[in-house]
Each structure stands twice: as structure tokens, then as C-alpha cells.
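Only one structure is covered here, and it is reproduced in the block below.
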Amino acid sequence: MLAQRSYAVRTFTRADLVQLVVTSAILVAVLGAILAIDVIPSRVDLVAGEVATEDVRAPRALEYESDVETEAARQAARDAVDPQYDYTAEKAATIADEQLIAFNERTAAVDAAFAADLTPDEEDLLLRNAIEDLSPEATETLVGLTAERWIAVRTEAVRVLDQVLRAEVKDSEVALVKAGLPSKMPVTLDEAEQQLAAELIDPLVVPNSSFSQQLTEDRRDQEAAAVEPVVVTVQRGQLIVVDGELVTPLAVEQVQQFGLDQARPDIARLLGWVAMAALLVVPLLIWLWRFRPALWHRRNVLILISLVLVFSTIALKLTAGRSILPYFLPMAAAGMLLAILLDAWAATMVMAVLALLAGSVNGGSLEITAYVFLGGLAGIVAIRRGDRVNVFFQAGVAVAVVQAAAVGTFALLGEFDLQGTLQLVIASAASAGGAAIATVGLFAVLGSVFGIVTVFQLQELANPSQPLLRRLLVETPGTYHHALMVGNLAERAAESIGADPLTARVAAYYHDVGKLANPLGFIENQAGGDNVHDTLAPEESAQVLKQHVADGIDIAYKYGLPRSLIAFIPQHHGTGRISYFWSKAREAAAAPLGGLETEAGKKAAEAVDERRFRHVGPKPQSKEAAILMLADAVEASVRSLASRDEATIRAMVTRIVNERLEDGQFDDSDLSMRDIDRIREAFVQQLLGMYHQRIAYPQNKVVELEARREAGGGRRSGA
């Protein structure tokens with residue numbers, strides 16, 4: 001039965017599964033190979049200290065613990081360690097005690113001289129010879145001291161000596177310490193006495209802390225061990241080595257980290273790209289099967305979509321990682337081309353896939369993702385059917401505005417750079433212009449190559465000067481006029497439900513070209529002459545009517561009509577029954593047995609094979625084909641009405657629509673009940689305009705059976 005919605009649930013057949021698997025496998029393999037083209041980089045030979053002969057960029061982002069940087073940090077920690085000495089408090093105390101004993105021994109003669117009862121001359125002589133290494137000035141000071149002053153000088157000398165030696169005295173600083181001895185003496189001593197005290201202890205000041213190589217190395221090792229490993233971050237596309245500059249150990253290490261020195265494949269990235277391709281391709285194909293069965297079952301359409309994806313991916317990969325180059329790509333052309341050749345929804349889905357691919361190859365950039373998708377969407381909305389040249393210009397402007405708005409928005413959300421933003425706006429305009437030009441130049445070529453009828457081709461085929469239409473006019477004028485009327489009905493009905501009105505109209509012009517093979521077999525071309533069906537059996541008459549479908553296909557191919565239009569020829573009758581001759585055959589079978597009123601006559605009538613009176617089909621596969629089927633039957637039937645007031649026309653249209661519904665002719669067309677209602681109303685309004693009457697006479701019949709048009713050779717049933 002007829003689906004209630006235009007996307008009714010469909011059975012996923014084995015053929016669908018095979019097509020999905022094969023198409024997905026091929027497309028995923030191709031896209032995965034393109035995306036992963038850089039997983040096997042060329043081998044890079046670098047030697048630290050030599051001059052680089054080429055630029056080397058990071059193939060991907062990487063974060064790792066750098067041995068080179070860590071060792072440099074540890075060496076810096078080592079170098080920062082001061083020389084270590086073996087000073088200890090215990091060692092200093094021992095040396096201080098020993099030197100105090102030595103001081104007592106050094107000053108014993110002086111102590112004795114001041115303690116003895118000597119004459120001044122004897123004391124003078126003894127003091128001058130008591131300490132041999134004193135300077136003359138100090139000797140004179142010593143000789144001039146009284147016993148009390150000597151005790152004061154001696155006491156301060158001992159104190160300072162003990163103080164100095166208990167503190168650290170490095171072997172490298174002994175001279176410096178000795179030079180500072182006078183300044184350590186108290187002010188209770190005069191300057192000469194301070195100098196004397198300093199000279200008394202000068203020879204006794206010895207180092208208590210010596211440089212230790214072992215301690216120094218141990219401390220350096222400790223500091224180096226405390227340094228945490230240095231983590232280095234490399235961005236995708238970052239220059240590792242610059243051509244003409246010296247190669248650093250860090251550059252060599254990074255080349256090794258990326259495996260560029262061995263050119264080994266990056267298996268993880270390869271699997272990632274293949275998975276990405278599968279995640280994008282498989283849902284797209286399932287969407288086509290689910291919501292666009294007419295496209296899903298046309299291999300040329302799948303090939304077209306695949307080629308658009310492949311070439312777009314190549315362009316994205318070639319420009320990936322560049323700062324501004326991706327923004328120059330005319331990616332919106334993909335959406336506009338598919339919108340013209342297929343439909344807007346399919347184009348939108350493909351643009352969504354391309355936008356995700358664009359973001360993926362550019363380091364997960366949300367900006368480039370939004371840029372590609374929104375620009376493509378603007379082109380799809382603006383291009384519509386692409387039926388006029390100025391539409392392409394308008395679409396280009398729309399793409400430029402939206403893309404510029406996208407880059408401007410992200411500039412405001414990030415670090416605003418006026419110069420960079422202006423460059424991206426210029427790139428947006430160039431991209432939009434390129435997309436419009438590419439669409440104009442390619443859509444007709446692609447339509448011809450893939451057998452997809454374009455708007456311009458349809459407009460050309462609708463021209464009355466076309467050879468086949470001219471022949472139809474000359475040889476079958478009745479059929480030609482019928483085709484024009486059917487075209488008007490089909491166009492208006494298609495507009496009412498959002499189908500393609502131009503396709504419906506042009507298909508109507510050519511749906512009955514098979515009647516050229518036998519014009520007089522159809523009453524509209526007999527011009528009141530003899531009806532050939534009066535002398536034929538019902539089965540033979542039915543065969544004549546069925547034959548015009550096969551003849552129409554042959555003639556259409558001979559004249560080079562597009563396959564998509566030729567498909568309307570068998571679908572406009574579907575598998576419908578040729579009711580008039582079927583009824584006539586039943587009556588003829590029942591007549592010898594008393595007619596249909598008798599039981600035997602009824603059985604004889606039921607024995608008539610209905611299949612011989614049905615067209616071979618297929619049933620309409622699209623909304624446009626279903627509209628054509630109804631328009632064909634409605635026009636022929638209403639033409640035969642004696643009265644064409646609104647009630648009569650509406651009743652006839654309703655009857656024909658209901659008959660086709662009950663016969664299941666629209667099961668494959670995706671028409672909804674709402675579509676049917678709108679088509680019915682469109683037919684009524686169009687017919688009222690074609691057959692308007694000023695006065696409605698009450699004596700007119702409300703319904704005249706469609707069989708009337710088939711009387712006398714099907715009258716209009718061959719239409």
C-alpha cells in the first residue's frame with residue numbers, strides 16, 4: 001500500500017547489502033589511501049652539526065620525553081653545582097684546639113719575659129728575640145707593651161684565632177682570611193696592637209676545609225638526578241629542520257621520533273584515517289538507501305558522488321596544514337553541482353562529509369569545518385535548480401558572504417588579527433568565485449557523462465523544434481496535443497508537492513512517442529475514420545496498446561533521449577490494467593454461456609487471464625512518474641466527458657486516483673497521502689482552467705465511466 005510518509009521503511013535486501021559492502025569497501029579504501037598518503041614519509045638522513053639540504057616538517061603532532069633536552073637540563077644542573085669541600089664542625093674544632101696549643105707555644109717566651117723580674121734592657125732584648133717572624137713594626141709594638149696590655153693583646157688574639165678556625169676556612173681562601181684578621185680585632189686595642197695580634201695568629205690560621213672531587217661529583221649527580229625528564233611538544237607542520245641551517249641534536253632526535261629516518265609506516269594513523277573514511281562513507285550510503293532510493297539504485301549516481309568525494313579529498317589533503325591555502329579551495333562547488341544534478345538533500349549530506357574531512361586533515365579545526373559546510377550549504381540553497389546563468393552568480397555571492405561571516409566569527413571568538421582576517425575574507429571571495437565558475441563549467445559535462453539530465457537539457461528537450469516533437473506533431477497531432485495537456489497537468493501537480501515540475505512536463509511530452517510506430521491504433525489520431533479495434537479481438541487490441549510502450553523505448557533510444565526520461569515511458573502505465581478490453585474479453589467469453597448474468601458466464605469471464613491485459617511495468621519509481629501516470633489518465637478521461645463542470649471533473653479525478661491507489665501503482669513512488677490530496681486538487685484546478693464553462697447545467701451527469709474513453713478501441717486508453 002501507499003506509504004503514509006515519503007520515507008517509508010524499506011526492506012534491506014541482499015542486493016542492497018552487496019552494493020553497500022562493495023561501494024563502501026572501494027570508497028573507504030580510496031579515501032583512506034588519500035588521507036593516509038603521508039603515513040610512509042620519505043627517509044630523512046640528518047647528521048648533527050652538518051648543514052641541512054631541505055626543510056623537514058613534522059608529519060603530525062607529537063609529545064614525547066626528549067633525551068637531548070633532558071640531558072641538556074641535567075648538564076646545566078651539574079654545571080650550576082659549586083665545588084664541594086670536606087669541612088665539618090668536628091674537624092674545625094680539632095684544628096682550632098691544636099692551633100691554640102701552637103699559639104701558646106708561640107707566645108711562651110713573651111709570657112715568660114713579662115712574668116720575670118727583668119731589667120728593662122733584659123726585657124727589651126728578650127722580647128725582640130721571642131718571636132722571630134714578627135715584622136719590625138709589630139716587634140716595636142710588642143717591646144713597648146706593658147704586661148697588662150700584653151695580656152689584653154694575647155687574649156684577643158686567642159679569641160679571634162679560635163673564632164676563625166671554628167668557622168670554615170677553605171684552602172683556597174686562607175690568604176683572604178689572614179688579610180682580614182686585623183679587622184676582626186676589637187676597638188679596645190689600638191691599631192698597632194691590632195696589627196700585632198693579627199701577626200701573632202697569622203701563621204696559625206690554617207685551612208680546615210679542602211676541595212673534594214668526590215663530594216663535588218656526588219653533589220652534581222644528585223642535582224642531575226633531581227631534574228625531571230623534559231617533555232617536548234611538536235605541532236603538525238612545524239619546521240624541524242630549515243634548509244641551509246645547521247642540524248641540531250634535537251632535530252635529529254625529532255626525526256627519529258617520527259620515524260622519518262627509517263620511513264616506516266605509521267600504522268596507528270593509517271588505521272585512524274581508514275576508520276575516519278568508514279565513519280563518513282558508510283552512514284552516507286545508508287542515508288542514500290534509506291531516504292533516496294532513486295539515487296541508491298543508480299550506479300552512475302553513486303559513481304558521481306564517489307568521484308566528488310575523492311577529488312575533493314585530494315584537494316583537501318594537498319592543501320592540509322597550510323595556514324590560508326585551504327580557504328581558497330572552491331569546496332562549495334561540490335554541493336552546488338550535486339544540488340543541480342541530484343537534489344539538495346543529497347548535496348547537503350555530501351557537504352557535511354567533506355566538512356568533517358576538511359577539519360580532520362587540518363588538525364581538527366572547527367573553523368575550517370564550519371567554513372566548508374556553511375559555504376557549501378549557502379551554495380546549495382542559492383543555486384536551486386541552476387536554471388539561469390545569473391543564479392550561479394547569486395550563489396557565488398551567497399557563498400562568499402557566508403564564508404566571510406564564518407571566518408569573521410571565529411576571528412572574534414579567538415585572538416582577533418585584522419590582517420589575517422582580511423586575508424581569509426579575500427580567500428573566501430576567491431573560493432566562492434571559483435566554486436561558481438567550476439559549477440557553470442562542470443555541471444553540463446558531468447550530467448552528460450553520468451547520464452543525468454540537467455535543467456538546460458530539459459529546457460532544450462521541451463523546445464517544440466526538437467525533431468522528435470516535430471515528428472509527433474506532424475504524424476500524430478492528437479497524441480501531440482494530448483502530451484501538451486498532460487505536461488501542463490503534470491507540471492502544476494509537481495509544483496504542488498515539491499517535485500520537479502520541469503522533469504514532469506518534459507517527460508509528459510515524450511511519454512507517448514511509441515504511438516509513432518502505429519498512429520492509427522489510437523483513437524486521438526484516427527480523425528473520425530474507421531477504428532481498427534473494431535476488427536480485432538480484445539487480446540489483440542490490448543497487445544496493440546501495450547506495444548506502444550516498447551516502441552516508445554526503442555524510438556526514444558534512437559533519438560538519443562536521456563535514460564532518465566526514457567524510464568518514464570514504461571512507468572507512466574506501470575502495471576495497470578487495460579480495463580476496457582479486459583471487460584470486453586470477459587463479456588466475449590461469457591456471451592456463449594448466456595452472458596455475465598449466468599453462473600456459467602461468470603465462471604467463463606473469471607477464466608480470462610488478467611495478466612494479458614496488464615502493462616508490463618514497472619510501477620512508477622518516483623513522484624514525477626506517478627504524477628505522469630495520473631495526469632495521463634486524467635487528461636484522457638476528462639476530455640471524453642460530455643460535461644466538464646467542477647463536480648464532474650472532481651468526481652472523475654477522484655475515481656482515477658482511487659483506482660490507481662487500490663491497484664497499488666504508487667507503492668514504489670514515495671508518494672504520501674498528503675501528496676495525493678494535493679495532486680488531486682492541482683488537477684482539478686488546472687482542468688477547470690482548461691475546460692472552463694460559463695454555465696453549469698443541472699442535467700449534466702456527475703460521473704461518466706472511464707470505460708467510455710476505451711470504447712471503440714480504447715478511445716483514450718492508449719494514451
Side-chain angles (χ1 to χ4, degrees), residues 35-82 84 216-276 317 319-326 356-369 410 413-417 420:
L35 295 170
I37 193 69
D38 55 355
V39 299
I40 306 180
S42 58
R43 188 172 183 271
V44 177
D45 290 321
L46 293 180
V47 178
E50 293 187 356
V51 177
T53 58
E54 62 177 336
D55 287 344
V56 178
R57 292 182 179 273
R60 64 182 184 280
L62 177 66
E63 187 175 270
Y64 72 98
E65 292 183 359
S66 170
D67 292 337
V68 171
E69 291 293 285
T70 301
E71 184 56 37
R74 288 174 177 170
Q75 187 59 48
R78 288 174 178 274
D79 296 340
V81 173
D82 294 328
Q84 299 298 299
T216 302
E217 290 299 325
D218 291 345
R219 183 61 180 273
R220 288 174 177 173
D221 291 342
Q222 291 173 5
E223 293 297 323
V227 174
E228 295 291 334
V230 178
V231 176
V232 172
T233 300
V234 184
Q235 300 297 330
R236 185 181 185 278
Q238 178 179 327
L239 275 171
I240 298 175
V241 178
V242 179
D243 183 15
E245 295 188 0
L246 289 179
V247 177
T248 64
L250 179 61
V252 174
E253 180 187 56
Q254 290 178 355
V255 166
Q256 293 171 349
Q257 285 291 327
F258 285 112
L260 301 177
D261 60 328
Q262 299 180 9
R264 62 175 181 267
D266 191 334
I267 301 300
R269 292 189 68 234
L270 173 62
L271 294 177
W273 283 127
V274 171
M276 171 63 72
K317 190 64 177 179
T319 59
R322 308 304 193 269
S323 59
I324 193 173
L325 199 55
L356 292 172
L357 284 174
S360 299
V361 300
N362 285 282
S365 170
L366 177 61
E367 179 177 357
I368 194 67
T369 300
F410 278 90
L413 292 175
E415 296 181 1
F416 184 76
D417 177 7

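- The distance from atom CH2 of Trp273 to atom NZ of Lys317, rounded to the nearest 0.5 Å, is 5.0 Å.
- In plain terms, the two heavy atoms of Val234 and Ala58 that are nearest each other are CG1-CB, 3.5 Å.
- The two atoms that bring Val68 and Pro249 nearest to each other are CG2-O, 3.9 Å, heavy atoms only.
- The stretch residues 64-78 participates, sequence neighbours left out, in these salt bridge (charged side-chain N to carboxylate O under 4.0 Å, His left out) pairs: Arg78-Asp221.
- Taking CE of Met276 as the start and CG of Leu356 as the end, the distance is 7.0 Å to the nearest 0.5 Å.
- In this structure a side-chain-to-backbone donor-acceptor pair under 3.5 Å is present from Gln84 to Asp82.
- Side-chain contact between Val247 and Val47: absent, with no pair of heavy atoms (C-beta onward) separated by less than 4.5 Å.
- With hydrogens and angles disregarded, a donor-acceptor distance shorter than 3.5 Å links the side chain of Thr70 to the backbone of Val230.
- Checking Asp218 against Gln222 by side-chain atom types alone, no donor-acceptor pair falls below 3.5 Å.
- Partners of Arg322 according to the side chain to side chain contact (heavy atoms under 4.5 Å, CB included) rule, which considers only residues two or more places apart in sequence or in another chain, are Leu325, Pro326.
- A distance of 10.0 Å separates CD in Gln235 from CG in Leu62, rounded to the nearest 0.5 Å.
- Between the Arg236 side chain and the Ala61 main chain, no donor and acceptor come within less than 3.5 Å of each other.
- Taken to the nearest 0.5 Å, the CD atom of Glu54 stands 8.0 Å off from the CG atom of Asp243.
- Across all their heavy atoms, Val227 and Ala77 have their closest contact at CG2-CB, 3.8 Å.
- Residue Glu253 holds its CD atom at 11.0 Å from CZ of Phe258, rounded to the nearest 0.5 Å.
- The two residues Ala36 and Leu270 make their nearest non-hydrogen contact at CB-CD1, 3.6 Å.
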Under the criterion side-chain contact (heavy atoms from CB on, under 4.5 Å), I'd like the reasoning laid out for Asp55 against Val242: C-alpha separation, chi angles, the key distance, then a yes or no.
CA-CA 5 Å; Asp55 287 344; Val242 179; 4.0 Å; yes
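- For the atom pair OG1 (Thr319) and CG (Asn362), the distance works out to 6.5 Å, reported to the nearest 0.5 Å.
- No donor-acceptor pair under 3.5 Å is formed between the side chain of Ser66 and the backbone N or O of Val231.
- Nearest heavy-atom pair, Ile368 versus Ala358, reported as atom, atom and distance to 0.1 Å: CG2-O, 3.6 Å.
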